[in-house]
Visitor: 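Here's a structure for you.
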There are 2 protein chains.
Amino acid sequence: MPADTAASAKFTPRQSAVLAEALRLLVEGGDKALTTSGLARAANCSKESLYKWFGDRDGLLAAMISFQQSKVRTSDRSGERLSAEALREHLEVFARDLLDVLAGDVSLALNRLAIGQSSRDGSKLGKLLLEHGRREIDRRARALIDAGKRSGLLRFADADEAYHTFYGLVVSDLHVRMLLGETGLKDNGRQAQKAVDAFIALHGTQKDSGEAPRASAAR
Amino acid sequence: MPADTAASAKFTPRQSAVLAEALRLLVEGGDKALTTSGLARAANCSKESLYKWFGDRDGLLAAMISFQQSKVRTSDRSGERLSAEALREHLEVFARDLLDVLAGDVSLALNRLAIGQSSRDGSKLGKLLLEHGRREIDRRARALIDAGKRSGLLRFADADEAYHTFYGLVVSDLHVRMLLGETGLKDNGRQAQKAVDAFIALHGTQKDSGEAPRASAAR
DNA sequence: GAAGAACCGTACCGTACGGTACCTATTCCG
DNA sequence: CGGAATAGGTACCGTACGGTACGGTTCTTC
């Protein structure tokens with residue numbers, strides 16, 4: 001039993017390679033391009049192995065989600081003490097990371113897949129994606145927001161509500177637009193900055209020590 | 001319900017009936033349930049007619065989007081003079097309408113369809129959905145926001161940015177969650193109210209350093 | 001009332017998918 | 001060394017789809 005990372009604990013290296021190839025196919029051509037025959041051909045494995053490892057096609061899809069998310073690790077360095085500037089910086093980094101993740105082609109492809117399947121499988125993949133995929137990033141955001149409150153820098157009644165507000169400010173309709181195939185998206189860094197400005201304006205305790213960023217936000 | 005309004009201008013009544021049936025099938029069982037044979041059977045028409053009217057399957061899907069959106073008319077009663085209360089009221093109504101539209105099963109089904117196809121058709125359906133589907137609601141929102149600014153009740157640099165902020169506050173991640181199949185969603189009215197509170201706190205002219213006036217209303 | 005268009009129902013075709021079966025090659029391990 | 005386990009290659013099956021063709025039926029129109 002190798003002391004591997006938790007990532008490859010659930011899958012053998014061979015299986016991981018096959019899953020990576022499956023993700024590549026999915027990203028390239030959508031779920032129509034992800035056929036068992038095609039995957040077997042592209043990954044140099046047999047269909048029989050696929051069915052042995054993953055059961056059926058849905059099992060394969062679930063494994064792909066699990067595999068991809070086991071690779072995503074959020075850096076959780078929220079133990080430090082927070083100044084107002086540090087909080088703003090952390091929020092901005094988080095917002096930018098969130099947008100980058102959502103805009104990633106693998107994430108988009110998996111979300112498209114789960115959304116497409118949600119009508120016919122009782123949204124099993126959707127649940128998987130929401131629960132396992134967002135847990136990490138949610139925890140990180142909530143830790144950050146809680147730390148902001150503990151440090152007296154943020155003020156809100158319900159942390160959950162505050163987080164959803166922040167999420168909405170950061171993402172707006174960008175996620176759905178990207179899912180629909182819109183390509184020309186704005187600068188993530190700029191969007192993150194504006195969202196953080198608005199969030200702090202809403203829930204910050206100290207009334208703006210200079211609204212410079214927001215005032216110069218002419219686009 | 002099916003009177004010959006401007007809705008059915010582009011399609012004959014028979015075609016409209018078939019498209020309505022197609023939407024029903026799509027809502028019921030997702031895009032897998034929307035087969036040409038199935039539609040012909042369910043709508044009591046022949047496959048030949050389908051191909052004659054719509055060209056091919058993609059043409060049918062595009063026609064469905066066009067048909068559905070020709071039925072959605074937003075009540076645009078934004079000509080009046082605005083008081084602060086009227087603005088808040090209008091914003092809340094708009095937010096609730098927006099959430100209701102996004103949560104509608106036909107909207108969800110069409111968005112799922114377009115998202116599923118976006119990988120393989122160059123997001124033609126996605127463009128259609130975004131351009132024709134959101135134009136109405138966008139115009140209404142922008143008119144409202146502009147009116148707010150003209151009346152001196154709102155303050156912002158860029159109306160587009162302000163609208164996107166509002167959209168994010170209203171919708172947050174609810175749309176994607178619903179697309180992924182999450183069922184238990186919160187009360188739209190309450191979500192709309194909170195979003196309007198936050199938006200006015202951000203962009204209202206009478207800025208107070210306290211919470212929004214009725215932020216502690218229903219909870 | 002008949003010519004003709006529109007349309008319905010059905011049968012049909014080629015294709016491609018998910019899934020299974022069978023056979024071989026490599027590897028592992030006593 | 002040799003047998004079991006694992007995995008690759010391929011051929012195959014049933015099914016269901018998109019799309020087409022054709023005969024019969026209804027509706028329009030002159």
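Residue numbers begin at 1 in each chain, while the letters A, B, ... track the order of the sequences. These numbers come from a predicted model, not from an experiment. Scope of the values below: all heavy atoms of this structure, side chains included, with no hydrogens, waters or symmetry mates.
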Visitor: Are any of A:Thr36's side-chain N or O atoms less than 4.0 Å away from OP1 or OP2 of C:dG19?
Guide: no
Visitor: If I take atom CD in residue B:Glu48 and atom P in nucleotide D:dA21, what distance separates them, rounded to the nearest angstrom?
Guide: 9 Å
Visitor: Out of C:dA6, D:dG8, D:dG18, which nucleotide sits closest to the side chain of B:Lys52?
Guide: C:dA6
Visitor: Side chain of A:Cys45, heavy atoms from C-beta onward: which of D:dG8, D:dG19, C:dG19 has the nearest atom to it?
Guide: D:dG8
Visitor: Round to the nearest Å and state the distance from B:Asp56 atom CG to D:dG18 atom P.
Guide: 11 Å
Visitor: What is the distance, rounded to the nearest whole Å, between atom CG of A:Leu50 and atom C1' of C:dC17?
Guide: 14 Å
Visitor: Check whether A:Ser16 reaches the backbone of A:Thr12 with its side chain - one donor and one acceptor, N or O, closer than 3.5 Å.
Guide: yes
Visitor: Report yes if a side-chain nitrogen or oxygen of B:Arg14 is closer than 4.0 Å to either non-bridging phosphate oxygen (OP1 or OP2) of C:dA6; otherwise report no.
Guide: no
Visitor: Is there a donor-acceptor contact under 3.5 Å linking the side chains of A:Arg112 and B:Ser118?
Guide: yes
Visitor: Write down the distance between CZ (B:Arg120) and P (C:dA16), rounded to a whole number of angstrom.
Guide: 15 Å
Visitor: Heavy atoms only, 4.0 Å cut-off, all strands: where does B:Arg41 land among base, sugar-phosphate and nothing?
Guide: nothing
Visitor: Think B:Lys10 forms a cation-pi with B:Phe67, using NZ or CZ under 6.0 Å from the six-ring centre and within 45 degrees of its axis?
Guide: no
Visitor: Let's see if you can work this out: which of C:dG19, D:dG18, C:dC8 has an atom nearest to the side-chain heavy atoms of B:Ser49?
Guide: C:dC8
Visitor: What is the separation between atom CD on B:Gln15 and atom P on C:dC8, rounded to the nearest whole Å?
Guide: 10 Å
Visitor: Which listed nucleotide (D:dG19, C:dT20, C:dC8) is nearest to the side chain of B:Lys47?
Guide: D:dG19
Visitor: Which nucleotide wins on minimum distance to the side chain of A:Ser46, given the candidates D:dG8, C:dC8, C:dG18?
Guide: D:dG8
Visitor: When the distance from CG of B:Asp31 to P of D:dA16 is rounded to whole Å, what number comes out?
Guide: 16 Å
Visitor: Parallel, tilted or perpendicular: which describes the rings of B:Tyr163 and B:Tyr167, with under 30° parallel and over 60° perpendicular?
Guide: perpendicular
Visitor: With a 4.0 Å limit, can you tell me whether A:Trp53 has a side-chain N or O closer than that to the phosphate oxygens OP1/OP2 of D:dT6?
Guide: no
Visitor: Between B:Lys32 (NZ) and D:dG18 (C1'), how many Å, whole number?
Guide: 12 Å
Visitor: Are A:Asp56 and A:Tyr51 linked by a side-chain donor-acceptor pair shorter than 3.5 Å?
Guide: no
Visitor: Take atom CZ of B:Arg57 and atom C1' of D:dC17, then tell me their distance rounded to the nearest Å.
Guide: 9 Å
